[in-house]
Number of protein chains: 4
Amino acid sequence: MRIDLNADVGESFGVYRLGSDTGIMPHITSASVACGFHAGDPGVMRETMALARLNGVAVGVHPGYPDLVGFGRRPMKATVREIEDMVVYQIGAAAATAAAQGIHLQHVKAHGALYTAAAEDRGIADAIARAVAAVDRSLIVFGPPNSQLLRAGDHATLRTAVEAFADRAYDSRGQLVGREQGGAVLHDPSVVAARVVRMVREQVIIAIDGSVLSMRADTICVHGDTPGAADLAAEMRRALIEAGVAVMAVGARG
Amino acid sequence: MRIDLNADVGESFGVYRLGSDTGIMPHITSASVACGFHAGDPGVMRETMALARLNGVAVGVHPGYPDLVGFGRRPMKATVREIEDMVVYQIGAAAATAAAQGIHLQHVKAHGALYTAAAEDRGIADAIARAVAAVDRSLIVFGPPNSQLLRAGDHATLRTAVEAFADRAYDSRGQLVGREQGGAVLHDPSVVAARVVRMVREQVIIAIDGSVLSMRADTICVHGDTPGAADLAAEMRRALIEAGVAVMAVGARG
Amino acid sequence: MRIDLNADVGESFGVYRLGSDTGIMPHITSASVACGFHAGDPGVMRETMALARLNGVAVGVHPGYPDLVGFGRRPMKATVREIEDMVVYQIGAAAATAAAQGIHLQHVKAHGALYTAAAEDRGIADAIARAVAAVDRSLIVFGPPNSQLLRAGDHATLRTAVEAFADRAYDSRGQLVGREQGGAVLHDPSVVAARVVRMVREQVIIAIDGSVLSMRADTICVHGDTPGAADLAAEMRRALIEAGVAVMAVGARG
Amino acid sequence: MRIDLNADVGESFGVYRLGSDTGIMPHITSASVACGFHAGDPGVMRETMALARLNGVAVGVHPGYPDLVGFGRRPMKATVREIEDMVVYQIGAAAATAAAQGIHLQHVKAHGALYTAAAEDRGIADAIARAVAAVDRSLIVFGPPNSQLLRAGDHATLRTAVEAFADRAYDSRGQLVGREQGGAVLHDPSVVAARVVRMVREQVIIAIDGSVLSMRADTICVHGDTPGAADLAAEMRRALIEAGVAVMAVGARG
């Protein structure tokens, strides 16, 4: 049994700091780095990748919509052509920054509104998959369970990874409970850790209504910008290892 | 005898069109593509590289300062670290866009105020050379004769190319005459073509004061955004070939 | 009988030119000036307003989404709070630029995807009306017939103006025919002029299916970025005056 | 005896938080609000002005260079025309945001590299003064002692205010000691407060070499983005009041 722990990092910009990359990096195995469209800038990208390298964390691209003021969280009606182009661009910017640090990229994980759109809209999902396939077929496409994004990745014969969220509640259909609802975000590290251990060992998760869902994940996302994220990640990692689960980057599976 | 003819292309942005890429592309052998910092966007980059590929034109990166409203022509006091990072980023964005078109990049030519700064300031020149060396040592660094940029490229053991300007007057010290001075820009295609032929064949150019300058160039820049640029390029190419000069991309020299 | 002829102007940006403001300005009576979010920059705004002033054209604000690469034409899911804030901001930027030219603003016309959203979504329409009311209650809100935008303006007890499009086809329900459909855009100046004269004199327009629609407009939009826009505007103005219609800015009605 | 205490506020952007506006606002009398070019966005501007209003703090404009990633701290070679235009624009954006909060602006204080450039370069200083004069002659121009900026404000017959820095060391010529030098920034609140009291009461300040400088200030800047800024401001205000100095906004002097 093995699992990857990932976090979104490199979300600072210019003088602005966001998240606690130094705090979370020792506990994760994959890091998705923002590329300057919704967050990040060339210097932040370099610093973040250097930190990932020091911590032995695999690095991925975290492409988003070109919406800095909205942090890429606002849906935008871009064409699939525009989306493919912007993902190609961001993969390239990340790949060169990684190359300059002696790193090869592991994965692509869309950010925010682009991730949500790609989960549901096959056209957008295919645009992302085409971008990945056109630039570097070794990149692993991250996506939520049963999503169009994973289907598009499979269809493009790319390697994919199913991503679950450790600290988010799921409804009985396996969808994330919206953040605006009570109980949508779990804060207790021991609760989260126990959920994650069960998800990995038994491939099930308890939905918000108590029902038991089948949930097989390759990688688990820890939100880096929430208070206590580092402690949460540390506790998850500890509990997983204690339960006999190997915590390792998805790309290291060979 | 051989020479490369290059032009700055892909300088459109969003709905805005600039230059005549379709007009000039059939006549040049190397194209420097803007990367979204001073001009260009992911879609324009893709279209421009596709056009270059159709025309058999070698493609290079044209990195600039992050100043869209000023078109990268305004000097900015960025640190050498910031410059290295932004050049890495732009090379990567261009490389991925090129890869998606089945193209490998040939060269790096800094744009506008960054080109001017790198010509004179060794710290900035070294930053650009470090960026190129870190990402792709096969990229050829373009720079003006006797510039810090070429020295930095040589020092980093990168391949370099000396760039001259066909339609610009030089002073007796071999410096470009400022655009604000009369006679700084030459418009007559036959005059420009004759200058270029002599530059390539005899490695001299006539300065604005009539003195004869030694000028050995590997590549000659044709400004794509001036009216009549396509005609100028066509006439230069015709005259060069008629004079027995092979017109070919600098990277094709083997 | 009187009518206002308006156009979107000041849509250049930095070195990029768009539209033919100098060509169209002599023929219109109101000009909507972009404010730097989807097009325009501080210098372009000043030049455009100076040109409007010379031509005796009333000046309005043309606020849009913060999407330069998409020219404000891509729907974005901004909150009503964000929209109110961005419209306040853009009105202010335009008002100060106008004040520096000795001009007081006449109107507010939302641009592109924001205009479309405000026509249909009362929450967005109210956000715009609140922004106008908070900054300057003398500003006239432009909107399409029967739109939420006009209702919101009325509700906020702002002065409103019904805007029709001279060169666009309407369907039998009074909605604009989408640009992707054949016949959506009319190009023949004499046809357009005749439509406009009839619209103003008889308050009807012929829909694309031949049915006769009631259409009362206070201002008619001439697209400044289409080829032949200046000629179209000149012909419309000539035909209107010949038909005894006073062509004057909507704010000049007293 | 009276003095104004000012701070730069509203320097957050999108999801990014900077400074401690809620901490410092109770202790200052004037607030300079960033306008979206180097920091700030329409929503942050509104929230900041609302907070200033609640605290009875006078509001000013804090215009900067269009350089979000560099926080407006990087010198840019913009033309005086571009600078005048961008200051007009930013004043307007701030004025409308203020109007929507029922506030009239009090002052204009240039930010970062623009402030430094305007202190030394009369052409840039005049551009700022022209912008202020063109939009609202009631605005007070803040500038450092003996600066070109104050001379330009005087020349334009605008009201001006001499600004000193409480927590920065001055050299014997009355210039700020560069931040890169030891002792350039003072951290001990009681030391800073004593300096400020003496500056206001005796119009002198002790330079870094121990010499006594004449220093007459109308307003004293407290840096809002340094740790402990709120405590520093509180201590300064307390010490000033205890010393019989009225702490009040410069525009309230009547």
Side-chain angles (χ1 to χ4, degrees), chain B residues 7-21 23-24 32-48 62-76 89-90 93-94 97 111-116 179-180 185 223-229, chain C residues 7-21 23-24 32-48 62-76 89-90 93-94 97 111-116 179-180 185 223-229:
Chain B
D8 302 345
V9 296
E11 296 186 326
S12 294
F13 177 81
V15 296
Y16 299 109
R17 301 295 99 186
L18 192 73
S20 171
D21 291 358
I24 205 165
S32 305
V33 178
C35 302
F37 274 49
H38 68 277
D41 65 53
V44 167
M45 290 168 71
R46 174 183 43 80
E47 290 168 5
T48 306
H62 199 38
Y65 284 127
D67 178 21
L68 200 58
V69 74
F71 197 59
R73 288 185 174 152
R74 301 190 291 198
M76 282 185 69
Y89 183 103
Q90 293 179 67
T97 309
H111 167 82
L114 182 59
Y115 185 83
T116 304
R179 282 172 183 274
E180 67 287 357
V185 182
H223 286 102
D225 57 348
T226 47
Chain C
D8 302 345
V9 294
E11 296 185 328
S12 294
F13 176 82
V15 298
Y16 299 109
R17 301 295 97 185
L18 192 74
S20 172
D21 291 357
I24 206 166
S32 304
V33 178
C35 301
F37 274 48
H38 68 277
D41 65 53
V44 167
M45 290 168 71
R46 171 182 45 80
E47 290 168 4
T48 306
H62 200 39
Y65 284 127
D67 178 20
L68 201 57
V69 75
F71 197 58
R73 287 185 176 152
R74 300 190 289 198
M76 282 184 69
Y89 183 103
Q90 293 180 68
T97 308
H111 168 81
L114 181 59
Y115 185 82
T116 305
R179 283 173 182 273
E180 68 286 357
V185 181
H223 287 101
D225 56 349
T226 46

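Within every chain, numbering begins at 1; the chains are lettered A, B, ... in the order of the sequence lines, protein sequences first and strands thereafter.
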Closest-packed option against chain B by number of heavy-atom pairs under 4.5 Å, given C:Val44, C:Leu68, C:Asp41
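Ranked by heavy-atom pairs under 4.5 Å with chain B, first place is C:Leu68.
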Over 60° means perpendicular and under 30° means parallel, so tell me whether B:Tyr16 and C:Phe71 are parallel, tilted or perpendicular.
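Perpendicular, since the angle between the ring planes exceeds 60°.
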Do C:Val15 and B:Arg73 have side-chain heavy atoms sitting under 4.5 Å apart?
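Yes; the side chains approach each other to less than 4.5 Å.
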